[in-house]
Amino acid sequence: MTAKYQNIRLEVAGSVATLLLARPERLNAINAATHPELRDALDRVETDKHVRCLVLTGEGRAFCSGQDLSERNIEEPSQLDLGSSLEKNYNPLVLRLASFPIPTIAAINGPAAGAGANIALACDIILMARSAYIQQAFARIGLVPDAGGTWFLPRLVGLKRALAMALFADRISAEECERMGIAWKIFDDDIFASEVAKHAAILAAGPTLAYRLAKKAIMDSGANDLAAQLDLERDSQREAGRSRDFLEGVTAFIQKRLPRFQGE
Ligand code: LHQ
């Protein structure tokens, strides 16, 4: 299934959905028209019960250059309300990605700047092409990291590195991202697409329900003390233990074969 949009592309092949930001001449900058398309595409993915992994990536040489800077009239800054764009579009997108019910992979194929970098941080797994980089580009244009950057980065890399990334706004190479734990793995450019496909296939064949519970528990951990987190794990395991996939997993283990998870 391939859905038609102006600024993105959605391709569903088997149980993997690939959502591409598709304005390559602007390095996939996100304009106002992109947001409703993203919402629609995520709705489609979420309601298609056959889809068990979402890959977010970019068309052409970039992942995403963030907000489309050519779209705003900044002649009269006092009239500008960038906060409303965040409230209406970016913040719901980040929250939705961070709690998406199936595993998400940000496949960073090239530059990921500004909000483009931080949308990737909201995905579960980050894979990067060796030539790719992320950049908290905001300070270069007199802005503050947004789209979750000030929440994800200190948790991922520590306060001081997050501050340096925000203040210097340098490009951070894929190698650095892997070293700091932002990227799970990096791959040479020529094998990047096939490695992304392999990783997506693994997740799409996994225990989707258990994945969803694990994601929620890990995301919730920041606000919980140990006792509350242990309670959450108890409740999550109770639910996972009643799933068909647990039965299949244990049966496969005993029969010394690979499990065939159905995602429920
Ligand atoms: C672009 C863009 C772009 C338009 C490249 N817009 N055209 C802000 C406000 C409101 C609310 C929500 O939140 C935000 C958050 C943000 O995301 S603010 C941060 C926005 N992003 C940036 O500041 C990054 C801007 N882009 C760049 O710094 C560079 O393009 C990077 C470092 C990404 C890539 O550099 P190069 O590889 O040298 O490519 P380039 O600069 O030559 O770009 C290629 C074309 O894409 C070029 O157009 P042209 O017509 O000259 O070929 C750029 O103007 C265009 N482009 N980013 N965000």
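Every number for a ligand or one of its atoms is a count from 1 in the order of the listing.
Salt-bridge check for Arg96 with Asp43: passed, with a basic side-chain N closer than 4.0 Å to an acidic carboxylate O. Between Asp188 and Arg130 there is a salt bridge, with a side-chain nitrogen of the basic residue lying less than 4.0 Å from a carboxylate oxygen of the acidic one.
Within the structure, the ring pair (Phe, Tyr, Trp, His ring centres under 6.0 Å) test picks out the following pairs touching residues 132-187 (sequence neighbours left out): Phe187-His199.
Evaluation of the side-chain contact (heavy atoms from CB on, under 4.5 Å) rule for Gln237 yields Ala240 as partners, not counting sequence neighbours.
Residue Ile254 shares its hydrophobic cluster (ILVMFWY side chains chained together at separations under 4.5 Å) with Phe246, Val250, Phe253.
Closer than 4.0 angstrom to ligand 1 lie heavy atoms from Glu25, Arg26, Leu27, Ala29, Arg61, Ser65, Gly66, Gln67, Asp68, Leu69, Arg72, Leu82, Ser85, Leu86, Tyr90, Ala113, Gly114, Ala115, Tyr133, Gln135, Ala137, Phe138, Ile141, Leu143, Asp146, Arg171.
In this structure, the side chains of Val16 and Glu11 stay at 4.5 Å or more apart for every pair of heavy atoms.
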